[in-house]
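These numbers were taken from a predicted model, which means no experiment stands behind them. Lettering follows sequence order; numbering is per chain, from 1.
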Amino acid sequence: MKAIFKRELRAYFHSPLGYVIIAVAYFFTNYYYFSYNLYGNTTDFTTLYSMMFSVVLFLVPVLTMRLMSEEKRAKTDQLLLTAPVSRTAIVLGKYCSAVVVYLVAISATLLDAVITSFVAIVDWPSVLGNFLGIFLLGLALIAICLFLSSITESQVIAAVMGFAVSLFLVLIDAISYVVSSAFWQTFFAYLSFNTRYEPFTLGIVDLPSAVFFVSVAALFIAFSVVTLERRRWS
Amino acid sequence: MIQVTNLVKRYGEKEALKGISFSVDPGEIVGLLGLNSAGKSTTMNILTGYISSTSGTVSIDGHDIVKDPTACKRVIGYMPEQFSFYPDMRVSEYLNFVCDLKGFPPDPEKRKKHLDGICSRVGISKMTGRMIRNLSKGYRQRVGFAQALVGNPKVLILDEPTVGLDPSQIIEIRQLIKDSGKSSTVIVSSHILSEIQAICSRVIVIHEGRIIADGAPDRLMQDIQTNHRLAIRVQGAQKEIEAVLSNLPKVRSVKALPQRELGTQDFLVEGKIGSDIRADVFYALAKANLPLLHTYGGELSLEDVFLHLTGDKQNAREEAR
């Protein structure tokens, strides 16, 4: 797993991809920081994190699109699948590398909070709660998009599917408002990433939501392993 | 070292392997010979654990490839037919990555020594700092070969290692394979008969998912180069020659070949299985005052081998009736 993690991390930073993702994240973070915090003259980072929710939904599919699909297309997966490494280690290695890049990308929000703390009082529990929320959201989204990348040979298709799923996870809230059945309302509200993310923006470490995001991540990592294993038997 | 038992692989309706069984002893260099789509790559992919068989078992160094794939893969060095590389990696980075994957050797100094040895063996010592994507096809193949050698594997599986190489590169790669056979058990696939002859101590011929021959290459060639089939050039009229040859009791068929020389006619004369028709043909033509100018067989092609092996089974069945 360590070998694959190292290689993938290296691949992010030996191509423009890693830098572009981090640059875009930093650009939007600082844009919102300027618009809401500096211009609005406030130390409340909740709005910034709420806006970053949408940015993350579009960044993660780009971050993960090549992870599995490119190996399949270029047939470099032959080396991995014939090496003494388990399928789980392959998936986890790739997943962890994407998580590290994601962490670097969202760290801009913490950096802005640190800078602000030199000139004003920052509500750190709220900032850290928000950061934890966006981190957990990323864990789940990366796992979902990694799985989508594992079922296609095309990076573009993987990215488009990732965007579609991300949008669906946002729109799922709207669906819960239009359905009349109480059961479906509860069901869609339960699945809503937005609803799950909200407690963190208030600085609350909501354990059920945290477990939800981690469970989604674990489930889709398992799906990716199964997809890889299935190819062996197809 | 390798034990393959009744291997079957189905892709939907198509049966790529139809119950292949063979074993390979330590130190053997075995060639898998077959036409395209014969089942060579499928067999190798199953041996390496890349894909699984529909039924049957593969045991490598005492480990079952399905039950204990990691233990099997630990003793295997594999060079796929199309060596795919990461375009963003240099040769040394790639080989270090393979070392990391195989977990061998963890000590940096030992690793450097190990990789230097491999690079020197395959002749890429001066290329280690180059991006793999910028290397020629021949050097890429060598890098592919080098990665298979990482960890001193007990078993080397090489899928068509000389495809796309120029003649001098082919000779070098063949020599590398032969040298590797001194320390590893080697399975190499090819659809070039002369290549298998040059490298292997044993050849397994696969045709349409079945093993149709298994033995030493020279023995196989000897079996095929029987004297019951002759290509000849005779001076005279076609009908007259045909009549003389057809009357010989041991001759099964006489087939006229395209004319290559004015006033002569070429024929493919086929005798019964196991019969030597050379003397009979010579005396019959001499008696009929038809000068035998030339007999030829030429190099046997893979097609000849398959025609012989598949045709002989057909003939044997017909003659048994």
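Proximity to chain A is absent for every atom of N96(B), based on heavy atoms less than 4.5 angstrom apart. Both the backbone and the side chain of V66(B) have a heavy atom closer than 4.5 Å to some heavy atom of chain A. Interface residue E71(A): only side-chain heavy atoms are found under 4.5 Å from chain B. Residue contact with chain A, scored on non-hydrogen atoms closer than 4.5 Å, involves the side chain of P69(B) exclusively. Using a 4.5 Å cut-off between heavy atoms, V98(B) touches chain A through its side chain atoms alone. At a 4.5 Å heavy-atom cutoff, the contact between K6(A) and chain B is made by side-chain atoms alone. Heavy-atom distances place both the backbone and the side chain of Y86(B) under 4.5 Å from chain A. With a threshold of 4.5 angstrom between heavy atoms, I76(B) does not approach chain A through any atom at all.
Among residues 73-90 of chain A, the residues having any heavy atom closer than 4.5 Å to a heavy atom of chain B are, in sequence order, A74(A), K75(A), T76(A), D77(A), Q78(A), L79(A), L80(A), L81(A), T82(A), A83(A), P84(A), V85(A), R87(A). Among the residues in residues 47-55 of chain B, those with a non-hydrogen atom closer than 4.5 angstrom to a non-hydrogen atom of chain A are T48(B), G49(B), Y50(B), I51(B), S52(B), S53(B). Taking 4.5 Å as the heavy-atom cut-off, the residues of residues 4-25 of chain B that approach chain A are K9(B), Y11(B), ordered by number.
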Test log, rule side chain to side chain donor-acceptor pair (under 3.5 Å), inputs Y197(A) and S50(A): CA-CA 9 Å; Y197(A) 179 64; S50(A) 295; 6.0 Å; no

Assess whether side-chain contact (heavy atoms from CB on, under 4.5 Å) is satisfied between C200(B) and V188(B), documenting all intermediate values. CA-CA 8 Å; C200(B) 304; V188(B) 55; 3.5 Å; yes

Carefully, step by step, assess Y33(A) and T116(A) under the rule side chain to side chain donor-acceptor pair (under 3.5 Å). CA-CA 10 Å; Y33(A) 176 64; T116(A) 309; 2.6 Å; yes

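Remark: the D64(B) side chain and the S59(B) side chain contain no N/O donor-acceptor pair separated by less than 3.5 Å. Under 3.5 Å, the side chains of Y95(A) and S224(A) contain no donor-acceptor pair of N or O atoms. Counting only N and O atoms by type, the side chains of D112(A) and Y32(A) include no donor and acceptor under 3.5 Å apart. Side-chain N/O atoms of E160(B) and S190(B) include no donor and acceptor closer than 3.5 Å.
Aromatic ring centroids of F212(A) and F193(A) lie under 6.0 Å apart. For Y19(A) and F13(A), the ring centers sit closer than 6.0 Å to each other.
Using the six-membered ring where Trp is involved, F187(A) and W184(A) have ring planes that are perpendicular, over 60° apart on the 30 and 60° scheme. Ring orientation note: the planes of F220(A) and F223(A) are nearly perpendicular, at an angle over 60° on the 30°/60° scale. By the 30° and 60° cut-offs, the orientation of the rings of F131(A) relative to Y49(A) is perpendicular.
Ranked by non-hydrogen atom pairs under 4.5 Å with chain B, the options R231(A), R10(A), M1(A) are led by R10(A). Contact tally against chain A (heavy-atom pairs below 4.5 Å) for D88(B), I157(B), D100(B): the top residue is D88(B).
Here the CZ atom belonging to R130(B) is positioned 12.5 Å from the OG atom belonging to S92(B), to the nearest 0.5 angstrom. Rounded to the nearest 0.5 Å, atoms CD (Q147(B)) and OH (Y78(B)) are 10.0 Å apart. Distance CD/E153(A) to NZ/K72(A): 5.5 Å, rounded to 0.5 Å.
Under the 4.5 Å side-chain criterion, counting only non-hydrogen atoms from C-beta, K40(B) is not in contact with I187(B). Inter-residue side-chain proximity for E8(A) and R66(A) is flagged as met; some heavy-atom pair is nearer than 4.5 Å.
When the ring-ring contact (aromatic ring centres under 6.0 Å, His included) test is applied to F145(B), no partner is found at least two apart in sequence or on another chain.
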